[in-house]
Amino acid sequence: MTIHDFMAAYKRVWEAQDSEGFAALFTPDGQYHNTPFQVQATPEARAAYWDRIKLQNDISLRYEVLAETPDGGIAHWNVTYQVASEELFEIWARSTGTGLPDRQPGDPLPRMELDGTLTARFAPDGLASEVRIWWHSRPLPG
């Protein structure tokens, strides 16, 4: 697998909300670092983490490969989605440390934007052995 192949698959599994497909991009002991201090290192942990994407609707991911090496690469990615539940919105607010934006009871849930970079290393069989992402998110203006 190349970084181009990986990013095309990453886009596909995110937009399709495919947890098992996401986990299958990795070697059995592959590591997905969704923050610098948190890692999912088993197929079950990766699929469980990716299940949160099922709380998103109308997902659109764009990416650009920035660098490619024989066994990996770097990419910039940007995703937008409609928050589909109050639970997801509260998870986002806690994870960013910015708190909830002002909303009145009954206000619609926001559309979110995540922007980040990704580094990937691939095993000889072509599956990802390690992926690290760095990202930030924000609600898009109404």
Side-chain angles (χ1 to χ4, degrees), residues 1-103 106-142:
M1 182 179 315
T2 68
I3 188 68
H4 296 276
D5 298 330
F6 182 83
M7 291 308 299
Y10 194 67
K11 173 182 172 62
R12 179 186 49 77
V13 299
W14 197 328
E15 290 180 346
Q17 300 171 308
D18 181 359
S19 300
E20 286 73 32
F22 172 72
L25 296 175
F26 293 80
T27 60
D29 61 346
Q31 297 186 350
Y32 183 71
H33 298 261
N34 67 300
T35 74
F37 307 111
Q38 192 171 40
V39 62
Q40 292 77 44
T42 66
E44 297 79 18
R46 287 187 298 277
Y49 172 75
W50 208 250
D51 276 345
R52 294 195 300 178
I53 288 173
K54 294 177 181 170
L55 301 173
Q56 302 172 359
N57 288 330
D58 190 24
I59 301 164
S60 176
L61 187 141
R62 297 182 326 271
Y63 66 88
E64 175 186 9
V65 171
L66 303 174
E68 182 174 11
T69 65
D71 67 343
I74 302 169
H76 168 250
W77 55 269
N78 180 279
V79 66
T80 60
Y81 62 88
Q82 178 62 47
V83 176
S85 76
E86 289 287 344
E87 176 189 6
L88 177 63
F89 192 62
E90 290 176 16
I91 288 169
W92 167 80
R94 284 192 303 272
S95 71
T96 63
T98 59
L100 293 169
D102 290 333
R103 288 179 61 230
D107 280 354
L109 291 165
R111 185 157 185 83
M112 299 294 296
E113 177 180 29
L114 281 67
D115 194 75
T117 57
L118 173 152
T119 63
R121 287 188 310 140
F122 305 112
D125 65 3
L127 295 175
S129 59
E130 181 180 57
V131 174
R132 293 178 179 270
I133 64 170
W134 295 267
W135 57 275
H136 198 70
S137 62
R138 68 180 179 137
L140 292 172

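The structure displayed is predicted, hence computed values, not measured ones.
Residues Leu114 and Tyr81 meet the side-chain proximity criterion, which asks for heavy atoms closer than 4.5 Å. You'll find the side chain of Tyr10 reaches within 4.5 Å of the side chain of Ile133, heavy atoms only. Side-chain atoms of Leu118 and Ile3, non-hydrogen and from C-beta on, do get closer than 4.5 Å to each other. The closest side-chain heavy-atom distance from Val131 to Phe6 is below 4.5 Å. Looking at Val79 and Trp135, their side chains never come closer than 4.5 Å, going by heavy atoms from C-beta outward. Proximity of Trp134 to Pro36: side-chain heavy atoms (C-beta onward) are separated by under 4.5 Å at one or more points. Residues Arg46 and Leu25 are not in side-chain contact: their nearest non-hydrogen atoms beyond the backbone lie 4.5 Å or more apart.
The minimum heavy-atom distance between Glu15 and Ile59, with the atom names listed, is CG-O, 3.7 Å. Residues Thr27 and Leu127 share a closest heavy-atom pair of N-CB, 3.6 Å. Between Val13 and Gly21 the shortest heavy-atom distance is CG1-C, 3.7 Å. Between Val83 and Met112, the shortest heavy-atom contact is CG2-CG, 3.3 Å. Nearest heavy atom pair, residue Ala23 against residue Pro43, reads CB-O, 3.6 Å.
Taking the six-membered ring for Trp and thresholds of 30 and 60 degrees, Tyr32 and Tyr49 have ring planes inclined between 30 and 60 degrees apart. Ring geometry, Trp50 versus Phe22: the interplanar angle falls under 30°, so the pair is classed parallel (tilted spans 30 to 60°).
Gln56 and Trp14 share a side-chain donor-acceptor pair at under 3.5 Å.
Of the inter-residue distances, the one linking Tyr63 atom OH with Asn78 atom CG reads 14.0 Å to the nearest 0.5 angstrom. For the atom pair Ser85 OG and Arg52 CZ, the distance stands at 11.0 Å (nearest 0.5 Å). Once rounded to the nearest 0.5 Å, the distance linking CG of Asp51 with CG of Asp18 reads 10.0 Å. With rounding to the nearest 0.5 Å, the separation of OG1 in Thr80 from CZ in Arg62 is 7.0 Å. Summarising the geometry, atom CZ belonging to Arg132 is positioned 7.0 Å from atom CD belonging to Gln31; distances are rounded to the nearest 0.5 Å. Note that the CG atom of Leu140 and the CZ atom of Arg138 stand 5.5 Å from one another [nearest 0.5 Å].
Distance alone, capped at 3.5 Å, is enough to place a donor-acceptor pair between the Ser129 side chain and the Arg121 backbone. In terms of modelled atom types and a separation under 3.5 Å, the side chain of Gln17 and the main chain of Ile53 share a donor-acceptor contact.
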(request) Please step through side-chain contact (heavy atoms from CB on, under 4.5 Å) for the pair Met7 and Thr2, ending with a clear verdict. (result) CA-CA 9 Å; Met7 291 308 299; Thr2 68; over 6 Å; no
